[in-house]
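A quick note: this is a predicted structure, and the numbers were derived from the prediction, not measured.
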Amino acid sequence: MRIIILILIVSLLANGLFCQTGGDNVYEFLNLVSSGRVTALGGANVSLAGNDLNMSYHNPALLSAEMDKALALSYANYFAGINYGLVMYSESLGKYGNLAGGLTYLNYGSFTEADPTGMITGSFKAAEYALSLIYARLIDSSFSVGANFKPVLSQLERYSSFGFAIDVGGTWQNKKKNFMAGIVLKNIGVQLTTYAGEPHQKLPFEIQAGISHKLVHAPLRLSLTLRNLQTFDLSQYRESGDGNDKPGNAGFSNNLLKHIVPGLEIIPHKNFYISAGYNMRRRLELNTGSSGSAAGLTWGFGINTSLLDIEFGRAVYHVAGASTNISLILRMNHIYKNNRPD
């Protein structure tokens, strides 16, 4: 109950302070999903506890001692030759908490360069990077808090921009009932330098909150994540009648659904699970109206061992394409132990 009240209070306060959503901010790549598991669960989750180091990137409060000496590697094949990934390593500091560091990158690929007359003059590249320094600790047996400090560098041809963002999160869990709730304030920060002297832009601030519950007598884990709690109206445009689209409200039910991301994991064995999710905002905004369109649907699976976890996630964005995310989590302390000579 206390975590629900906290979520409501923070959401109401932030609604008056931050109203931006995707499309009008700088460093939008910070919102990309760097986890095969989270990709399969609809693209958002802040409440899955365990030893999955990737989850600490989505909510720093999920970083725990169970992730000690874990190395996470994630790669996503996006669209139009774009790819991105994450590498992260964690260490437990005992009673002083837990620490993790990593790097997120987005590679836009190579582009043809031309002068104003259309003459080809060569090629150029574009990429963006964000470091991660995550710290988390337990407040008591139920509550945990964490923060992720993220310096950001964006390099687009000869233009560059630098800034930083901070994620702040908290979790509450009831281990007896296999229940966890989480909340995170993402991308609180500032653009320090702009690309070409233009005005500074806002970062893609977002509040996410969610719950996860594993059923006691069934091999199922249910998740529900709420996105963009800082603002209710997520509609971008409405028909104006004069041929020009203008910002507007798409209706209560439509906007409500855009905040909701449900997820399901089927766990037939402790070393294997199948995941599925539904990103309702993606469905409502990218659905072509075709009866065969699967926009918004996500699925995947995971294989867990004492040495290595493999996560696969597939997300359908449009009838024309989907993205794939693959993650590996290596438990370096177990690997070193097994390779140590007798």
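Distance CD/Glu285 to NZ/Lys258: 4.0 Å, rounded to 0.5 Å. Here the CD1 atom belonging to Ile267 is positioned 4.0 Å from the CZ atom belonging to Arg221, to the nearest 0.5 angstrom. Here the straight-line distance linking atom CE of Met67 with atom CZ of Arg331 works out to 9.0 Å at 0.5 Å rounding. Interatomic distance, Leu257 CG to His259 NE2, rounded to the nearest 0.5 Å: 10.0 Å. A distance of 6.5 Å separates CG in Leu41 from OG1 in Thr298, rounded to the nearest 0.5 Å. A distance of 9.5 Å separates NZ of Lys150 from CD1 of Ile188, quoted to the nearest 0.5 Å.
A donor-acceptor pair is defined here as one N or O able to donate and one able to accept, closer than 3.5 Å; such a pair exists between the side chain of His213 and the backbone of Lys177. Distance alone, capped at 3.5 Å, is enough to place a donor-acceptor pair between the Asp68 side chain and the Ser92 backbone. Using a distance-only test at 3.5 Å, with no hydrogens or angles considered, no donor-acceptor pair links the side chain of Thr39 to the main chain of Asn325. Gln155 places a side-chain N or O within donor-acceptor distance of the main-chain N or O of Glu157, the cut-off being under 3.5 Å. The closest donor-acceptor contact from the side chain of Asn279 to the backbone of Gly42 lies under 3.5 Å. Remark: the backbone N or O of Thr194 is not paired with any side-chain donor or acceptor of His200 at under 3.5 angstrom. Looking only at distances, no side-chain donor or acceptor of Gln230 sits under 3.5 Å from a matching main-chain atom of Glu206.
A heavy-atom distance below 4.5 Å is found between the side chains of Leu156 and Ser154. Side-chain contact between Leu86 and Leu73 is absent, with no heavy-atom pair separated by less than 4.5 Å. Taking 4.5 Å as the limit, some side-chain heavy atom of Leu53 sits within range of a side-chain heavy atom of Leu63. The shortest side-chain heavy-atom distance between Leu234 and Arg227 does not fall under the 4.5 Å cut-off. Looking only at side-chain heavy atoms (C-beta outward), Phe29 and Val152 come within less than 4.5 Å of each other. Between Asn45 and Ser212, some side-chain heavy-atom pair lies under the 4.5 Å cut-off. Side-chain contact between Ile207 and Lys186 is absent, with no heavy-atom pair separated by less than 4.5 Å. Taking the side chain as every heavy atom from C-beta outward, Ile183 and Trp172 never approach each other to under 4.5 Å.
Scanning all heavy atoms of the two residues, the minimum distance from Ala315 to Arg282 falls at CB-NH1, 3.5 Å. Phe312 and Trp299 get closest at one heavy-atom pair: CE2-CH2, 3.6 Å. Nearest heavy atom pair, residue Pro204 against residue Asn187, reads O-ND2, 3.2 Å. For the residue pair Ser275 and Glu265, the shortest heavy atom distance occurs at OG-CG, 3.5 Å. The shortest heavy-atom contact between Gly210 and Val46 is N-CG2, 3.6 Å. Across every non-hydrogen atom of Ala181 and Ile211, the tightest pair is CB-CG2, 3.9 Å.
Between Phe149 and Tyr135, the gap from one ring centroid to the other reaches at least 6.0 Å. Within the 6.0 Å centre-distance limit, the rings of Phe111 and Phe124 are counted as a close aromatic pair.
Linking ILVMFWY side-chain heavy atoms closer than 4.5 Å, directly or via other members, places Leu103 and Leu71 in a single hydrophobic cluster. Leu330 and Leu307 fall within the same hydrophobic cluster, where Ile, Leu, Val, Met, Phe, Trp and Tyr residues are linked whenever their side-chain heavy atoms come under 4.5 Å apart, directly or through other members. Taking hydrophobic clusters as Ile, Leu, Val, Met, Phe, Trp and Tyr residues chained together by side-chain heavy-atom distances below 4.5 Å, Phe179 shares a cluster with Ile139. Hydrophobic clustering places Leu297 together with Leu224 (ILVMFWY residues linked when any side-chain heavy atoms are closer than 4.5 Å, directly or through intermediates). Cluster annotation: Leu264 and Leu215 are assigned to the same hydrophobic cluster (Ile/Leu/Val/Met/Phe/Trp/Tyr, side-chain heavy-atom contacts under 4.5 Å, transitive).
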Contacts table for residues 141-148: side-chain donor-acceptor under 3.5 angstrom, sequence neighbours left out:
from, atom 1, to, atom 2, distance (Å)
Ser144, OG, Ala61, O, 3.0
Ser144, OG, Arg137, O, 3.3
Asn148, OD1, Leu133, N, 3.4

Table please: side-chain donor-acceptor pairs of residues 159-166 below 3.5 Å, with sequence neighbours left out.
from, atom 1, to, atom 2, distance (Å)
Ser161, OG, Tyr27, OH, 2.7
Ser161, OG, Gln191, NE2, 2.9
Ser161, OG, Thr193, O, 2.5

Listed pairs under 3.5 Å, donor-acceptor, residues 74-82 side chains, sequence neighbours left out:
from, atom 1, to, atom 2, distance (Å)
Ser74, OG, Asn54, OD1, 3.4
Ser74, OG, Asn54, ND2, 3.4
Ser74, OG, Ser327, OG, 2.7

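For the residue pair Asn51/Asn304, the side-chain donor-acceptor check at 3.5 Å is not satisfied.
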Step-by-step side-chain contact (heavy atoms from CB on, under 4.5 Å) determination, Val261 to Gln208: CA-CA 10 Å; Val261 181; Gln208 296 183 12; over 6 Å; no
Audit row: Asp309, Asp52, side-chain contact (heavy atoms from CB on, under 4.5 Å) steps and yes/no: CA-CA 8 Å; Asp309 291 357; Asp52 186 345; 5.7 Å; no
